[in-house]
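This report refers to the structure that appears directly beneath it.
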Amino acid sequence: GVQCAAVNVICELARKNPKNYISLAPVLFKMLTNSSNNWMLIKVIKLFGALMPEEPRLCKKLVDPLTNIIHSTNAMSLLYESINTLITGVPDHLPPYNSLHRNSTSCSTTRTRTSNTWDCWHSARS
C-alpha cells in the first residue's frame with residue numbers, strides 16, 4: 001500500500017526532474033528484483049526509464065532484470081513496459097539479439113519503436 005503510493009508519487013515527480021531521484025536507484029532496484037506486484041513493477045520500470053538518461057550506469061544494471069521479466073511474465077502491460085524501457089533506454093547495452101529472442105530468429109534486429117519490433121518481442125514470448 002504505502003510502498004506503491006510512494007513509488008507512484010516519485011514516478012510522477014521524476015518526470016519533471018529525474019536528477020532529484022537518482023539516489024533512490026538502489027532501493028528501486030531491490031523493488032524491481034524482489035516484488036511480485038505487477039502494478040508496482042510497471043511504475044518502477046517507468047521510473048528507471050526516466051532516471052537512465054541522467055545516470056547511464058543504470059542501463060547496464062537493468063538489462064538482466066528486465067530481460068528476466070520479459071521471459072517470465074504473463075502480464076502484457078508489464079511485458080510492454082519492460083520492452084519499451086529496454087528499447088528506448090538501453091539499446092547500447094542489450095545482449096546479443098539471439099539471447100533475448102530464444103525462439104525467434106526470423107524478425108528484424110532493429111531496436112526501434114515499430115510494430116515489427118513489438119511483433120518480434122511478442123513472438124519470442126509465444
Side-chain angles (χ1 to χ4, degrees):
V2 173
Q3 217 176 27
C4 287
V7 168
N8 191 42
V9 169
I10 293 167
C11 190
E12 295 302 317
L13 292 172
R15 283 186 193 178
K16 304 230 186 249
N17 195 354
K19 288 181 185 180
N20 291 346
Y21 304 96
I22 292 173
S23 64
L24 296 175
V27 174
L28 295 169
F29 187 81
K30 187 175 180 180
M31 287 180 185
L32 178 68
T33 56
N34 294 319
S35 179
S36 60
N37 181 331
N38 288 345
W39 183 88
M40 189 162 70
L41 287 170
I42 290 168
K43 290 295 185 178
V44 168
I45 291 168
K46 284 183 175 187
L47 184 49
F48 272 125
L51 298 179
M52 285 188 296
E54 303 298 328
E55 180 51 74
R57 292 177 295 178
L58 285 173
C59 298
K60 188 174 181 181
K61 184 93 172 153
L62 291 171
V63 170
D64 286 340
L66 292 175
T67 302
N68 289 338
I69 289 170
I70 288 167
H71 289 300
S72 64
T73 189
N74 290 322
M76 293 306 289
S77 54
L78 181 55
L79 178 64
Y80 172 82
E81 289 303 333
S82 299
I83 291 169
N84 188 49
T85 299
L86 279 174
I87 290 171
T88 59
V90 296
D92 296 336
H93 300 281
L94 287 174
Y97 176 77
N98 288 333
S99 71
L100 285 175
H101 309 292
R102 291 184 237 167
N103 301 324
S104 179
T105 57
S106 63
C107 50
S108 169
T109 59
T110 305
R111 290 186 182 118
T112 59
R113 286 188 203 198
T114 67
S115 60
N116 289 340
T117 302
W118 173 254
D119 292 342
C120 175
W121 283 87
H122 184 63
S123 67
R125 298 266 308 123
S126 300

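Just the heavy atoms: all of them, side chains too, but no hydrogens, waters or symmetry mates, feed the values below. Predicted, not measured: the structure shown is a model, and the values here were computed from it.
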Where do [X] and [Y] come nearest, in terms of heavy atoms and distance?
X: V63; Y: L86; result: CA-CD2, 4.2 Å
X: I45; Y: E81; result: CG2-O, 3.5 Å
X: L41; Y: S35; result: CD1-O, 3.7 Å
X: A50; Y: A14; result: CB-O, 4.3 Å
X: S23; Y: N20; result: OG-O, 4.4 Å

Original post:
Going from CE on M76 to CG on N38, what distance comes out if it is rounded to the nearest 0.5 angstrom?
Top reply: 12.5 Å

**OP:** Starting at CE of M40, measure out to CG of L32 and round the result to the nearest 0.5 Å.
**Re:**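 Here the rounded value is 9.5 Å.
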
**OP:** Please answer whether the main-chain N or O of S82 pairs with a side-chain N or O of T85 as donor and acceptor at a distance below 3.5 Å.
**Re:**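 Absent.
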
Subject >> Derivation of the side-chain contact (heavy atoms from CB on, under 4.5 Å) call for N84 and T88 >> reply: CA-CA 6 Å; N84 188 49; T88 59; 3.8 Å; yes

Subject >> Contacts of L51 that satisfy side-chain contact (heavy atoms from CB on, under 4.5 Å) - sequence neighbours left out >> reply: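 With sequence neighbours excluded, L51 shows a side-chain contact (heavy atoms from CB on, under 4.5 Å) to P18, Y21, I22, L28, L47, F48, L58, given in chain and number order.
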
Report yes if some heavy atom in the side chain of [X] is under 4.5 Å from a heavy atom in the side chain of [Y]; otherwise report no.
X: N8; Y: C4; answer: no
X: P65; Y: F29; answer: yes
X: L79; Y: I69; answer: no

**OP:** Provide the full list of salt bridge (charged side-chain N to carboxylate O under 4.0 Å, His left out) pairs with a residue in residues 13-25, sequence neighbours left out, each pair given once.
**Re:**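 Only E12-R15 qualify under salt bridge (charged side-chain N to carboxylate O under 4.0 Å, His left out).
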
